[in-house]
Undergrad: 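Quick one: the structure is below, questions incoming.
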Amino acid sequence: MRKSFFLFLWVAASVIPVAQADVLVIPEADTSAAVTTPARGVTQAAVLKQYGQPVEQYAPVGGGSPKHPPITRWDYEGFSVFFERNIVIDVVIKGQPQPIRNVDELKAQP
């Protein structure tokens, strides 16, 4: 009886898969050298007034329909500004990842 019980445990252990998971560790962005950037909703004229001429301007992309408005990108020394028509919609700081949104959804569910 005892022998068959151990045989059952051995077979069960070899058949039942073991659950494994990887842990994703995301480093926090370095905010020690904070760069001031334009806020969302600011106009192109206000960005030009505060930051001057960009190092590089890209031609608008899109704009074929109201659902796809023209998107323009201006590159400054430490960041890029993205406009929808003439309004800032996003700013990307070079060398820093975008902040992670909805972090609570990344946590393991019980």
Side-chain angles (χ1 to χ4, degrees):
M1 175 82 165
R2 190 171 192 189
K3 205 179 219 184
S4 62
F5 177 71
F6 285 116
L7 179 63
F8 171 76
L9 286 178
W10 179 75
V11 171
S14 62
V15 174
I16 299 173
V18 177
Q20 293 181 337
D22 292 332
V23 176
L24 177 63
V25 178
I26 301 173
E28 294 293 323
D30 181 19
T31 57
S32 60
V35 176
T36 57
T37 58
R40 284 187 181 183
V42 175
T43 64
Q44 285 180 340
V47 173
L48 279 174
K49 185 176 179 182
Q50 185 174 0
Y51 297 95
Q53 286 294 325
V55 174
E56 190 166 355
Q57 285 180 296
Y58 295 89
V61 177
S65 71
K67 289 184 177 181
H68 302 121
I71 304 294
T72 308
R73 174 178 153 193
W74 290 1
D75 285 347
Y76 285 91
E77 194 61 39
F79 58 91
S80 297
V81 183
F82 294 86
F83 299 93
E84 182 178 300
R85 294 184 179 87
N86 71 331
I87 304 295
V88 174
I89 57 170
D90 204 0
V91 176
V92 176
I93 299 173
K94 295 177 183 175
Q96 289 188 356
Q98 284 282 358
I100 299 175
R101 295 181 176 92
N102 304 324
V103 176
D104 53 330
E105 292 178 10
L106 296 175
K107 295 179 182 167
Q109 301 296 323

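Predicted model only: the values in this text are computed from it and were never measured.
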Undergrad: Kindly indicate whether the side chain of Ile87, heavy atoms from C-beta on, has any atom under 4.5 Å from the side chain of Thr43.
TA: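 Side-chain contact under 4.5 Å: yes.
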Undergrad: Could you pull out every donor-acceptor pair under 3.5 Å between side chains of residues 52-65 and any protein atom, sequence neighbours left out?
TA:
residue : atom : partner : partner atom : Å
Tyr58   : OH   : Asp75   : OD2          : 3.2
Ser65   : OG   : Lys67   : N            : 3.4
Ser65   : OG   : His68   : N            : 3.4
Ser65   : OG   : His68   : ND1          : 3.3

Undergrad: Go through the structure and list residues passing ring-ring contact (aromatic ring centres under 6.0 Å, His included) with Phe79, not counting sequence neighbours.
TA: Tyr51, Tyr76
Undergrad: Would Thr72 and Gln44 count as a side-chain contact (heavy atoms from CB on, under 4.5 Å) if you check the C-alpha gap in whole Å, the side-chain angles of each, and the deciding distance to 0.1 Å?
TA: CA-CA 10 Å; Thr72 308; Gln44 285 180 340; 4.3 Å; yes
Undergrad: Shortest non-hydrogen contact from Arg73 to Ser80?
TA: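 Closest approach of Arg73 to Ser80: NE-OG, 3.9 Å.
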Undergrad: Name all residues meeting the side-chain contact (heavy atoms from CB on, under 4.5 Å) criterion together with Glu84; count only those two or more places apart in sequence or in a different chain, and write none if there are none.
TA: Pro69, Ile71, Ile89
Undergrad: So which atom in Pro38 and which in Val91 form the shortest heavy-atom distance, rounded to 0.1 Å?
TA: O-CG2, 3.4 Å
